[in-house]
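Before any comments, here is the structure.
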Amino acid sequence: MLQDKIAVVTGASSGIGKDIAMKLALKGANIVVHYRSNDEEALALASNIEKIGSKALVVKGDISKMADAEKLIEEAISKFGRVDILVNNAGITKDTLLLKMSEEQFDDVINTNLKGTFNCTKSVTKHMLKQKSGRIINISSVIGVVGNAGQSNYAASKAGIIGFTKSVAKELASRGITANAVAPGFIRTKMTDVLKDEVKEEILKKIPLNKFGEAEDVANLVAFLASDEASYITGQVINIDGGMVM
Ligand code: NAD
């Protein structure tokens, strides 16, 4: 389905990003495994990708820095000659109530989640414009749609990603490039493991399908959006949350 396509996945050494990278590789894509700090996990993922017959390139960097985002895309182009799919997945939380939130906590989350998405998208766009094709898939969150107490920084960053995605979709559509946002609900990863059991129980009560999502659920949706079958979908926000927000 994605035979010989080149996909860049940011924050791929753990959680949702890792499953997205593996899923795209299983569909035939070659993967640029981008990560920030966990060398061991990134190299293990690259080796698993190669075991199933796809190529992998490992690139370390901090997406909140434009220079690192540019380097990521340049390394992808110099190894593979093109980038067909960009998945802006890397993200962080620094949760606390507004009155306790420091300027640094606000800036860190915006700079990683929103500015990081801008940095990587801007860096890849000139190549996709030349190719007259491309898929940009941004991992937002249902929190960016409905907000959440204690997550004003995160909600702002994820809502920002939605506005950014729609604008980019409008700018790039005439050149055969689609841009969509995926808004997961509660997915079982390192990011959500830290929540207290009482909080998890309260969240579960709000999920009609009565279970938490898995990273693979998000990876399946991303693989679809990256495929030819999704070529007429752009500028959309697709919730994947067991019905939590509807
Ligand atoms: P995770 O913590 O396992 O993965 C996040 C990855 O991003 C990590 O590998 C981390 O190293 C990387 N990263 C963070 N800052 C970075 C930076 N500045 N530069 C490069 N890489 C950086 O968490 P996850 O749950 O897999 O989250 C993946 C994405 O999904 C995030 O954008 C998150 O906001 C989003 N999301 C997650 C959930 C959930 O329930 N887990 C729900 C909605 C949205």
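Every heavy atom of this structure was used, including side-chain atoms; hydrogens, water molecules and symmetry mates were not. Every number for a ligand or one of its atoms is a count from 1 in the order of the listing.
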Original post:
Given S14, G15, G11, which one has a non-hydrogen atom that is nearest to atom 1 (P) of ligand 1?
Top reply: S14
Subject >> Numbered atoms and elements of ligand 1 in range of I92, under 4.0 angstrom, heavy atoms >> reply: 14 (C), 15 (N)
Original post:
Is the shortest N/O to N/O distance between T192 and ligand 1 below 3.5 Å?
Top reply: no
**OP:** Find out whether L57 and V33 are in side-chain contact, i.e. whether some heavy atom of one side chain is under 4.5 Å from a heavy atom of the other.
**Re:** no
Subject >> I92/N113 under side chain to side chain contact (heavy atoms under 4.5 Å, CB included): CA gap, chis, key distance, verdict >> reply: CA-CA 7 Å; I92 55 169; N113 300 3; 3.8 Å; yes
**OP:** Locate the shortest heavy-atom distance separating S141 from K158; write the atom from each residue and the value.
**Re:** CB-CG, 3.7 Å
Original post:
At what distance is the nearest protein heavy atom to atom 43 (C) of ligand 1, and which residue and atom is it?
Top reply: P184 O, 3.4 Å
**OP:** Kindly say whether F186 contributes a backbone atom to a donor-acceptor pair with the side chain of T192 at under 3.5 angstrom?
**Re:** no
Original post:
Take atom NZ in K60; do more than 12 heavy atoms of anything else shown fall under 6.0 Å from it?
Top reply: yes
Original post:
Side chain, backbone, both or neither: which part of R188 comes within less than 4.0 Å of ligand 1 when only heavy atoms are counted?
Top reply: neither
Subject >> Criterion side-chain hydrogen bond (donor to acceptor under 3.5 Å, both in side chains) against R135, the qualifying member of D228, T178, N180 >> reply: T178
Original post:
Counting both backbone and side chain atoms, is some N or O of I16 under 3.5 Å from an N or O of ligand 1?
Top reply: yes
Subject >> Proximal atoms of ligand 1 relative to G61 (non-hydrogen, under 4.0 Å) >> reply: 19 (N), 20 (C)
**OP:** Out of A215, A90, G185, S141, indicate the one that has the non-hydrogen atom closest to atom 38 (C) of ligand 1.
**Re:** G185
Original post:
Counting heavy atoms not belonging to K122, are there more than 12 under 6.0 Å from its NZ?
Top reply: no
**OP:** Determine, considering heavy atoms only, which of E214, M191, K18, R36 sits nearest to atom 23 (O) of ligand 1.
**Re:** M191
Subject >> Least distance between heavy atoms, N239 atom then V245 atom >> reply: ND2-O, 3.5 Å
**OP:** With the side chain counted from C-beta on, respond yes when H127 and R82 share a heavy-atom pair under 4.5 Å apart, and no when they do not.
**Re:** no
Original post:
Given side chains that start at C-beta, do those of K79 and N30 come closer than 4.5 Å, heavy atoms only?
Top reply: no
Original post:
Counting from 1, what ligand 1 atoms have a heavy atom of I63 closer than 4.0 Å?
Top reply: 17 (C), 18 (N), 19 (N), 20 (C)
Original post:
Would you call E75-K71 a salt bridge at under 4.0 Å N-O?
Top reply: yes
Subject >> Enumerated ligand 1 atoms positioned under 4.0 Å from heavy atoms of G91 >> reply: 5 (C), 7 (O), 14 (C), 31 (C), 32 (O)
**OP:** Identify, for atom 40 (O) of ligand 1, the protein heavy atom at the shortest distance, and state residue, atom and that distance.
**Re:** I187 N, 2.7 Å
Original post:
Taking non-hydrogen atoms only, is Y35 closer than 4.0 angstrom to ligand 1 via side chain, backbone, both or neither?
Top reply: neither
**OP:** Please indicate whether any nitrogen or oxygen in F186 is less than 3.5 Å from any nitrogen or oxygen in ligand 1.
**Re:** no
Subject >> Contact check: T189 vs ligand 1, nitrogen or oxygen atoms, below 3.5 angstrom >> reply: yes
Original post:
Has S13 got any heavy atom lying under 4.0 angstrom from an atom of ligand 1?
Top reply: yes
Subject >> Nearest heavy-atom neighbours spanning I187 and E214 >> reply: CG2-C, 3.4 Å
Subject >> Contact check, K65 vs ligand 1, heavy-atom distance below 4.0 Å >> reply: no
Original post:
Tell me, which protein residue and heavy-atom name are nearest atom 2 (O) of ligand 1, and how many Å apart are they?
Top reply: K190 CE, 3.9 Å
**OP:** Give yes if a backbone or side-chain nitrogen or oxygen of G17 is under 3.5 Å from a nitrogen or oxygen of ligand 1, and no if not.
**Re:** no
**OP:** May I ask whether I139 places a heavy atom under 4.0 Å from ligand 1?
**Re:** yes
Original post:
Should Y154 be listed as contacting ligand 1, given a heavy-atom distance under 4.0 Å as the test?
Top reply: yes
Original post:
Numbering the atoms of ligand 1 from 1, which are under 4.0 Å from a heavy atom of D62?
Top reply: 17 (C), 18 (N), 19 (N)
Original post:
Based purely on interatomic distance, does N89 place a nitrogen or oxygen under 3.5 Å from a nitrogen or oxygen of ligand 1?
Top reply: yes
Original post:
So do L195 and I203 actually touch side chain to side chain, heavy atoms under 4.5 Å?
Top reply: yes
**OP:** Check whether any side-chain heavy atom of L172 sits under 4.5 Å from a side-chain heavy atom of T234, and report yes or no.
**Re:** no
Subject >> Spatial distance of atom OG (S231) from atom CG (L225) [nearest 0.5 Å] >> reply: 11.5 Å
Original post:
Side chain or backbone of A183 under 4.0 Å from ligand 1, or both, or neither, by non-hydrogen atoms?
Top reply: neither
Original post:
Is H34 in polar range of ligand 1, meaning some N or O pair under 3.5 Å apart?
Top reply: no
